Number of protein chains: 2
Amino acid sequence: MAHHAVMSTQGPYLAEIAHLMGDPARANMLHALMDGRALTAKELAWIAGIAPQTASGHLAKLMQGGLIHVAAQGRHRYYRLAGPEVATALEGLMVLANLDGTSRRLPSRVGAELSQARTCYDHFAGRLGIGIHDALMAGGHLAASEGGYALTASGKAIFRALGLDPDATARIRRAALRPCLDWSERRPHLAGHLAAALACRCFEMDWVRRRKDSRAVILTDEGRGVLEAALPGFRCDAPEPVSPALREREPALA
Amino acid sequence: MAHHAVMSTQGPYLAEIAHLMGDPARANMLHALMDGRALTAKELAWIAGIAPQTASGHLAKLMQGGLIHVAAQGRHRYYRLAGPEVATALEGLMVLANLDGTSRRLPSRVGAELSQARTCYDHFAGRLGIGIHDALMAGGHLAASEGGYALTASGKAIFRALGLDPDATARIRRAALRPCLDWSERRPHLAGHLAAALACRCFEMDWVRRRKDSRAVILTDEGRGVLEAALPGFRCDAPEPVSPALREREPALA
DNA sequence: GGAACGCTACGGCGCCGGCCGTAGCATCGG
DNA sequence: CCGATGCTACGGCCGGCGCCGTAGCGTTCC
């Protein structure tokens, strides 16, 4: 009986966290919160397809598990992920969910938009995020640094040209930039607070626009121009038009 | 009803994977497999503290979920993690398990050994892994590369001095080296196939020795000498002796 | 060839936990 | 001040699943 206590020092805690994520309703809520925004209990209930009472219970459990935080504001309670580590852990699971049963993931209209460009907690992912990563990498604007990347002098110049101060948050211990495996493309994009600042700037200047009810985002024509000008070698393919076969399968989204 | 189908394209799959990891018995098994070795069903049953029949059922589920692979050999069936992505996902959860309830993790003798030096799937973690990471980083032996780090010329020389060929696996697309957040120290150590090759070499030369029934490993005196000679700036503190308070709490392990 | 061993398949028990209905508390609007 | 709204607390229902006992198949050893 005392035997396995030795091996299982971590196991139970791991199970506790995984169990919280392992319920479909809770997983849907967490997935919806992965764009870093805060949502109300009612919105989350609707997303998960359950009654508000049930959602309330789930949210209480997620709170107790430390996966989300709440901010009461008037008669609304806004829930958001507790931190980037939670998003990272969820991404790790999504990588598995995408590769396990070989081709269980049927491509869909929504899936195509998410693969093209989306937010990953507080930074860009999908082909947009990968395009930024690859352009910076190919141009030699990234250097190895404690736990990730740092910007070289030329990289800093690019960020300044985009209206950001790459040294403003230099004292933060956490890596300014680090690779983050993209679950849809299976290639790295950039995370870290500089990536978050870039995303924030892009929304502010309307270079990238959020979609309603989805983590997918859209690179505006202006944004494409700005990024191509500031970032030599930047490419971000436009999403392919919906194929006839797909339109067949999801007529509502055609 | 059709509403939430939009948001939940990923949720259910995520929940499926998380649910598999969310059972204490399965979590213990996965945790035990995180050192990359293959274990038999009976060993895993013992580790999880359940009957072999029950373990068999759990293993079947983990198989179907694509989290583990099996290799039949004689009358034994050896189970191992399906790949490094699984270990990565589990690490992501362990980071959360370690930080959520502020100080829920009581330090233990076993915990101290794991924090000192352990394997993380196929490479070193704990202070040993971090020491290697930091020494390479501080010495300027790492350069930014597609999805992680690459070795500079001086870094390659160090690997050659340790008896490894850093270019042997250069054609592999996956990053040779990449940072991996350490759940116990909350700082990055090195993952990737070069890190795995280094760990393999260390075991082969008895620079590092495995412990029985634990993912913890021990840096031998010879290994310490070799690493300090080859890697200027390498430090790896010896584990602190067990404190009286701790010996009080776990007399069996004193 | 027989016995021991490793593992899996099946069946039944028991409980955990997700679900919603009702009810109660705070906040906002008129 | 009263109704509407957002949210949570409690209670009862019930399905899912983790657990082991028994049984059956394949492998190994003497």
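Quantities reported herein were computed from a predicted structural model and do not represent experimental measurements. First the proteins, then the strands, lettered A, B, ... as listed; each starts at 1.
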How close or far is atom [atom2] of [N] from atom [atom1] of [X], stated in whole angstroms?
{"X": "B:His76", "N": "D:dT28", "atom1": "NE2", "atom2": "C1'", "value": "9 Å"}
{"X": "B:Leu62", "N": "C:dT8", "atom1": "CG", "atom2": "P", "value": "12 Å"}
{"X": "A:Lys42", "N": "D:dT5", "atom1": "NZ", "atom2": "C1'", "value": "7 Å"}
{"X": "A:Ile68", "N": "D:dC7", "atom1": "CD1", "atom2": "P", "value": "12 Å"}
{"X": "B:Met63", "N": "C:dC7", "atom1": "CE", "atom2": "P", "value": "14 Å"}
{"X": "A:Trp46", "N": "D:dC7", "atom1": "CH2", "atom2": "P", "value": "15 Å"}

Q.
Both B:Arg75 and A:Thr40 contact DNA chain D. Taking the nearest nucleotide for each, which residue is further toward the 5' end?
A.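 So the residue in question is A:Thr40.
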
Q | CA sep, side-chain torsions, deciding dist, call: B:Ser184, B:Gln116, side-chain contact (heavy atoms from CB on, under 4.5 Å) | A | CA-CA 9 Å; B:Ser184 62; B:Gln116 174 61 23; over 6 Å; no

Q | A:Leu62 and A:Arg26, any side-chain heavy atoms less than 4.5 Å apart | A |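 The answer is yes, as the side chains (C-beta and beyond) meet within the 4.5 Å cut-off.
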
Q) Can you tell if the side chain of B:Pro188 reaches within under 4.5 Å of the side chain of B:Cys180, non-hydrogen atoms only? A)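 Not in contact.
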
Q.
Below the 4.0 Å mark, does C:dG6 have OP1 or OP2 next to a side-chain nitrogen or oxygen of B:Arg77?
A.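 So the side-chain polar atoms of B:Arg77 never come under 4.0 Å of the phosphate oxygens OP1 or OP2 of C:dG6.
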
Q. Does C:dT8 have OP1 or OP2 sitting under 4.0 Å from an N or O in the side chain of B:Tyr79?
A.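 Yes, such a contact exists.
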
**Q.** Sugar-phosphate, base or nothing in reach of B:Tyr78, heavy atoms under 4.0 Å
**A.**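 Nothing, no nucleic acid heavy atom in range.
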
Closest heavy-atom pair and its distance - [X], [Y]:
{"X": "A:Gly126", "Y": "A:Asp182", "answer": "N-OD2, 2.8 Å"}
{"X": "A:Gly65", "Y": "A:Leu20", "answer": "CA-CD1, 3.7 Å"}
{"X": "B:His76", "Y": "B:Thr40", "answer": "ND1-CG2, 3.9 Å"}

Q: Would you mind reading off the bend of the helix from C:dG1-D:dC30 to C:dG30-D:dC1 from its two end axes, five pairs each, to 10 degrees?
A: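 One end's axis against the other's: 30°.
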
Q. How are the rings of B:Phe124 and B:Phe203 set relative to one another: parallel (under 30°), tilted (30 to 60°) or perpendicular (over 60°)?
A.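 Aromatic pair B:Phe124/B:Phe203 classed perpendicular.
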
(Q) For nucleotides 10-19 of chain D, give me one character per nucleotide, 5' to 3': B if any protein heavy atom sits under 4.0 Å from the base, S if the only such contacts are to the sugar-phosphate, - if neither. (A) --------SS

(Q) Measuring from atom CZ of B:Arg210 to atom CZ of B:Arg215, what distance do you get when rounded to the nearest 0.5 angstrom? (A)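 Answer rounded to 0.5 Å: 10.5 Å.
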
(Q) Whether B:Asp35 and B:Arg211 form a salt bridge (side-chain N of Lys/Arg under 4.0 Å from carboxylate O of Asp/Glu) is what I want to check. (A)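 Salt bridge between B:Arg211 and B:Asp35, a charged N being under 4.0 Å from a carboxylate O: no.
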
